[in-house]
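Chain naming here is simple, since letters A, B, ... match the order of the sequence lines and numbering starts at 1 in each.
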Amino acid sequence: MTFTAGEATGRKNRASPQSRICNRTCEGMIMPVRPDSDPYYRLRHSAAHVMAQAVLELFPEGKIAIGPPIEDGFYYDFDLPRALTPDDLIEIETRMRRIIAGAHPFVYRVVDPGEARALFRDQPYKLELIDGLARGQDEYGERSEAGTVISTYKHDTFEDLCRGPHLASTDQIPPDGFKLMSVAGAYWRGDSNRPMLQRIYGTAWNSKEELEQYLWRLEEARRRDHRVLGKELDLFSVSEDVGPGLILWHPKGAMIRVIAEDFSRQAHLENGYEWVFSPHIGRAHLWETSGHLHFYKENMYAAMDIEGEEYYAKPMNCPFHIQIYKSHLRSYRDLPKRYAEYGTVYRYERSGVLHGLTRVRGFTQDDAHIFCRADQVEEEISRALDFSLYVLRSFGLSDFTAYLSTRPEKYVGDPADWDMATEALRRAIEAHALPYEVDEGGGAFYGPKIDLKVNDALGREWQLSTIQFDFNLPERFGLEYIAEDSQPRRPYMVHRALLGSMERFFGVLIEHYAGAFPLWLAPVQAVIVPISDEKHGAYAAEVARQLKEAQLRIEVDLSKDRMQAKIRRAQLQKVPYMLIIGDREQAAGAVAVRARSGEDLGAMPLAAFIARARAEIEAKA
RNA sequence: GCCGGUGUAGCUCAGCUGGCAGAGCAACUGUCUUGUAAACAGUAGGUCGUCGGUUCGAAUCCGACCACCGGCUCCA
């Protein structure tokens, strides 16, 4: 029941075995790295040390926390007397270059705990780390395999508690290969009850060229930012008057959604699902029965009073689908039941976490609940996964990783059921030859699950699909079917969402395609460009009529601008085709076709263009 | 929610230490009727996020709030 569909996922927060995930892995700042798996480890770790020295030069009374390498760079956390400014970063960079030029060797030594405490007597965070090390914890306060050797690395005047490894000396850091990127707040040890430190993020590469390439990649990601493209292409907006995290779909964005929903709706019908609808609110009693008012209340909005009765906006759809199941006595012959709905749910998200379309307060899941018998579980899981891959591939997403989450310490249900379900999930993943990771103990208390994440065109990972067992709700709602032996049995229940939420999926699609949607999804498939609005306007209108008749989505640019301006406008709107009409085309009953790629496909009869477009739409290319 | 930053025309952004609010694009009007990514000229457009304060005077300084951006935390 926890479709985290409207939620962000994607980035391992740190080297914890329990992959903690949130969105924007993408920007890639936080992925932890290990010395053995990352060729940049020494460089970035060393850059972090050099930065710490530079910061301490600037703030001799500053306190230092931790400073690991991360994907694409490094950071270091500081406790400083004042907030850092962008100018400070420039100053720190300058000092770093000076330290680098000094060619100071990184010197390793092992110290005993007493020595370490003396060395870092003015550094309370380091003292806490030393205490942790003495108890066999790593720098994040988690259990470590690495024994309790306490060591330091020293270069120039700066000595840091550190297990390394490092470069041989500071001048191995290319002075034009690194850059300090930003300052951000970060809680000491990631604990919101502990002090907020200042974290400086930096990036470091083996050469200026590599750095520039990385910066270009960032620029490219920014260019694809769905929030930017959403505005430029007039796809959606968020209105301050409506409220943050609540999405307004503009006609062009809504067009894409309608196409996606229609496609998916048809596919569901072909795959044995039945469509249902359910309301947006339900009585408090329902949510008490489901347990949401106990375990999910923090994410639910306050109750509304209707004639003295409390109602809640739904954070999930499951209780409603369960009511549909319960509206009849069910026979074993009726199963499986597969109820699907584009269900709009509302979840409270704290203001600081909202992000474009990917983390919102109201969203629509392509939700479904499958009720089945034990002997159907295997088949249903396999079908659900198969279906999910089919749908995602149809949208041009083809690079997947599966995450299997198994039984946590606190759980409900029969361990035998858990084992059976978990194995069914595992077999489904393996049958589809998907790369996968197992998150041992990472399942929800009510059942194991598969999360399917996709890598987009920029290699960024997004969680979309989820397939989850639920051993809790059937129990709470007393779901039954009558088995062959005339006895009531409890059905198995599976939640699943394929695209996740329409909002998030749309955000991912926008970024994946950089706004240049394939023809079948493009809200405007072609713009007709008459060279002269006066001379060719009438023919343009006729062409438009015929294209609309052929079910194509087109616009006519009847502005008084020159053709070049019209083309430019269509290009910027990423319209797949521009159909140029001048004297020659008008005489021949043709259109001159320019593709979004800039390619001039030349003049062709209108019918030829229609045939070409239809084939392309059919292929979802 | 927490730390830091930002908020000026529909969009992108200038506006130095307080002294009559600006540009480009878009829009509108006119001229041009055009051959594959921006014709030319003109017109109009603002409660400078909101509320309060300091000041003779606030876009500018101060405070609170709202929203957004980058992170952190959270996302059973």
What distance, rounded to whole Å, do you find between the two [atom1] atoms, one in [N] and one in [M]?
N: B:A14; M: B:A23; atom1: P; result: 16 Å
N: B:G4; M: B:U73; atom1: C1'; result: 15 Å
N: B:A37; M: B:G1; atom1: C1'; result: 47 Å
N: B:U54; M: B:A58; atom1: C1'; result: 10 Å
N: B:C28; M: B:C61; atom1: C1'; result: 39 Å
N: B:C68; M: B:G30; atom1: P; result: 41 Å
N: B:U60; M: B:C20; atom1: P; result: 14 Å

Strictly below 4.0 Å, N to O, side chains only: are A:Asp561 and A:Lys566 in salt-bridge contact?
no
[N], OP1 or OP2 - any side-chain N/O from [X] closer than 4.0 Å?
X: A:Arg562; N: B:U33; answer: no
X: A:Lys535; N: B:U34; answer: yes
X: A:Ser351; N: B:G1; answer: yes
X: A:His536; N: B:U34; answer: no
X: A:Lys231; N: B:U12; answer: yes
X: A:Tyr201; N: B:C72; answer: yes
X: A:Arg594; N: B:A37; answer: yes

Verdict with supporting geometry, A:Arg223 and A:Val228, side-chain contact (heavy atoms from CB on, under 4.5 Å):
CA-CA 7 Å; A:Arg223 204 176 64 73; A:Val228 174; over 6 Å; no
With sugar-phosphate meaning primed atoms plus P, OP1 and OP2, does [X] contact a base, only sugar-phosphate, or nothing at under 4.0 Å between heavy atoms?
X: A:Glu585; result: base
X: A:Leu197; result: nothing
X: A:Ser192; result: sugar-phosphate
X: A:Ala570; result: nothing

Return yes if a side-chain donor-acceptor contact under 3.5 Å exists between A:Glu461 and A:Asn455, otherwise no.
no
Could you check whether A:His495 and A:Gln468, counting side-chain N and O atoms only, form a donor-acceptor pair closer than 3.5 Å?
no
Among B:C75, B:C72, B:U33, find the nucleotide with the atom closest to the side chain of A:Glu534.
B:U33
Would you indicate which nucleotide in B:A37, B:A76, B:U73 comes nearest to any side-chain atom of A:Arg568?
B:A37
Separation of [X] atom [atom1] from [N] atom [atom2], in whole Å?
X: A:Lys566; N: B:A37; atom1: NZ; atom2: C1'; value: 14 Å
X: A:Arg199; N: B:C2; atom1: CZ; atom2: C1'; value: 13 Å
X: A:Arg347; N: B:G1; atom1: CZ; atom2: C1'; value: 19 Å
X: A:Tyr348; N: B:U73; atom1: OH; atom2: C1'; value: 13 Å
X: A:Arg82; N: B:G5; atom1: CZ; atom2: C1'; value: 15 Å

Scanning both residues in full, the closest heavy-atom pair of A:Leu233 with A:Lys252 reads O-CD, 3.9 Å
Nearest-nucleotide check on RNA chain B, A:Gly243 vs A:Ile580; residue mapping nearer the 5' end is A:Ile580
With A:Arg217 as the cation and A:Tyr214 as the aromatic partner, state whether NZ or CZ is under 6.0 Å from the six-membered ring centre and within 45° of the axis.
no
